[in-house]
Amino acid sequence: MPDSLYIPKSTRIGNPMQPGLFDSLDSLLLTRCDTGRVSGQHNHEFASSSVSAARRRDVIDALRRGAVPDNGLDLLATGLGRFEAALDAELDAVASGASTFKAVRGEYGSGKTFFSRWLGDRAKRRKFALAEIQISETETPLHKLETVYRRLTERLTTTSFPPSALRPVIDSWFYALEEDSLAAGASEEELPAAVEQLLAQRLTEVSLRAPSFASALRSYRVALTAGDAPAASAVLAWLGGQPHVAAASRRAAGVRGNLDHFGALGFLQGLLTVLRDAGHAGLFVVLDEVETLQRMRSDARDKALNALRQLIDEVHSGRFPGLYLLITGTQAFYEGPQGVQRLAPLAQRLATDFTTDPRFDNPRAVQVRLRGFTLESLVDLGSTIRDLYEVGATSPERIRSLADDAYIADLARAVSGKLGGKVGVAPRLFLKKLVSDVLDRIDQFDDFDPRRDYRLTVAKDDLSDIERNLAAGHGESADDIELDLNG
């Protein structure tokens, strides 16, 4: 039988609870970290009434399902305002041809994944292409950069195309070359030769490091022109780092073997060139859950840490103009003996002073920290969703009066209490219950009063694995939990 809890009327929030220690890839936390909210005051950075009906519906529908919204992350992230100026300046610099590396630290439940998606959303609005990669010893080992590059191309997305957007990007690049050639005075008869000449010019630097990338692009264009779709698809797969391209297809394209660790860096450089010429401002790449390196065998872990050091050095050297590379990890990863500190050169590159008051953290530093989640943050987030829901509700007055701030505080406290008091893992379940069990019913049933008619129930099927452990009172540490790396 599911547990049952009646939520009594309350008039105050009480003291904030400590941040939770757990995070989960299948329940991305929609956190209001660092809000500094004062009870009874909302620091909303948007007017609910100005949000389009479509965006509002997308956000509410996703929360009703217990999922993270695909769009509208800015509506849920007012607490990240202290990072905006510095991060926007970095994105603008990358769009102008610079490259940036950023590390985000925070415990499980602090909202690292949401932070990276929020920043990615800001990058996408600047016409960046995006790729989010989950680091895993078996699926995506960091020390095998050819695999990281393959995952990047598989998950490449743009404002116009979902993953994988590699083919549309390359097609649009060739179209741009044709348009530039015609604008330079080439006739239709001269166009193939003019495009070939322009292609060679654009890939001159890349060809010095990865000549096979340029060769494969030429072969792809030849196959398309000849109407040979299978050959074009095979070449495209090889360009994307896929390991099982038929030898005959590779020979026809004039390329050999499979992509290796060092070749992947050259291919990344080529991809950045193609993206820029195709009209994209740059490429925003997230390496999420890097702390899983701590659980690898020592030899694989050391290789992965050195690969990360190599990536940082390459970004800072200017080899990858137009790349914004972001990693996320826990404090233990950055400071513990099995993480960054295991490789002194890497620790030196990521060293950041966190001994001062968190209010004075430098958002321009190579490493930034998320302060964690509190009950007040959860209540503020719930109030934001209530306000957003109210605008499109059938009975907005009932929404406002029956789901007031005091009730939302009670619900937040009750949900986090059912999860062992771990506020950090409460947002997903809290928002799902708020929307589907409370707001929807207030809006549809004139005689529904949540204080009188609703009892919070938390059934086994409501919970993710981590939430279920907490609800059962298990005392795992963050490092004891096996993350779902395929989610």
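What you see is a predicted model, and the numbers here were worked out from it, not measured in a lab. Numbering of residues begins at 1 and proceeds along the displayed sequence.
In terms of modelled atom types and a separation under 3.5 Å, the side chain of Thr153 and the main chain of Gly240 share a donor-acceptor contact. With Asp357 contributing its side chain and Phe360 its backbone, the two residues share no donor-acceptor pair below 3.5 Å.
A salt bridge links Asp180 with Arg202; the closest basic N to acidic carboxylate O contact falls under 4.0 Å. At a threshold of 4.0 Å, the pair Arg295-Glu137 does not count as salt-bridged, since none of the basic side-chain nitrogens sits closer than that to a carboxylate oxygen. The residues Glu289 and Lys112 are annotated as not salt-bridged, no charged nitrogen and carboxylate oxygen being separated by less than 4.0 angstrom. A salt bridge links Asp88 with Arg122: the distance from a Lys NZ or Arg NE/NH1/NH2 to an Asp or Glu carboxylate oxygen falls below 4.0 Å. Looking at Glu90 and Arg364, no side-chain N of the basic residue comes within less than 4.0 Å of a carboxylate O on the acidic one, giving no salt bridge. Note on Arg64 versus Asp61: salt bridge recorded, some NZ/NE/NH1/NH2 to OD/OE distance being below 4.0 Å.
In this structure the side chain of Leu283 never reaches within 4.5 angstrom of the side chain of Tyr324, judged on heavy atoms. Within the 4.5 Å cutoff, the side chain of Lys102 has no heavy atoms near those of the Leu325 side chain. No side-chain heavy atom of Pro69 sits less than 4.5 Å from a side-chain heavy atom of Asp58.
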Stepwise side chain to side chain contact (heavy atoms under 4.5 Å, CB included) check, Asp302 with Leu343: CA-CA 8 Å; Asp302 291 344; Leu343 182 63; over 6 Å; no
Candidate pair Val148 and Thr140, rule side chain to side chain contact (heavy atoms under 4.5 Å, CB included), full reasoning: CA-CA 6 Å; Val148 175; Thr140 314; 4.1 Å; yes
Stepwise side chain to side chain contact (heavy atoms under 4.5 Å, CB included) check, Ile170 with Leu236: CA-CA 9 Å; Ile170 291 178; Leu236 188 70; 3.6 Å; yes
side-chain hydrogen bond (donor to acceptor under 3.5 Å, both in side chains) evaluation trace for Thr374 with Ser377: CA-CA 5 Å; Thr374 67; Ser377 303; 3.0 Å; yes
side-chain hydrogen bond (donor to acceptor under 3.5 Å, both in side chains) evaluation trace for Gln338 with Arg301: CA-CA 8 Å; Gln338 302 305 318; Arg301 180 168 59 245; 2.8 Å; yes
Stepwise side chain to side chain contact (heavy atoms under 4.5 Å, CB included) test for Val435 and Ile60: CA-CA 7 Å; Val435 173; Ile60 296 299; 3.8 Å; yes
Stepwise salt bridge (Lys or Arg N to Asp or Glu O under 4.0 Å) test for Arg218 and Glu196: CA-CA 8 Å; Arg218 293 189 184 95; Glu196 176 67 22; 2.5 Å; yes
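For Phe284 and Phe128, the ring centers are positioned 6.0 Å apart or more. For Trp238 and Phe267, the ring centers sit closer than 6.0 Å to each other.
A donor-acceptor contact under 3.5 angstrom links the side chains of Asp288 and Thr113, judged on distance only. For the residue pair His261/Gln310, the side-chain donor-acceptor check at 3.5 Å is satisfied.
We find the CG-CG distance between Leu275 and Leu156 to be 6.0 Å, quoted to the nearest 0.5 Å. Atom OG1 of Thr273 is separated from atom CZ of Phe320 by 10.5 Å, given to the nearest 0.5 angstrom.
Qualifying salt bridge (charged side-chain N to carboxylate O under 4.0 Å, His left out) partners for Asp353, counting only residues two or more places apart in sequence or in other chains: none. Listed by chain and number, the residues in a salt bridge (charged side-chain N to carboxylate O under 4.0 Å, His left out) with Asp313 are Arg309, Arg349 (sequence neighbours excluded). Taking the side-chain hydrogen bond (donor to acceptor under 3.5 Å, both in side chains) definition, one finds that Ser187 meets it with Glu189, Glu190, sequence neighbours left out.
Considering all non-hydrogen atoms of both residues, Arg369 and Phe83 come closest at O-CZ, 3.8 Å.
The neighbour count for Arg125 CZ, taken as heavy atoms of other residues, nucleotides or ligands under 6.0 Å away, is above 12. Counting heavy atoms of neighbouring residues, nucleotides and ligands inside a 6.0 Å radius, atom NZ of Lys127 does not exceed 12 of them.
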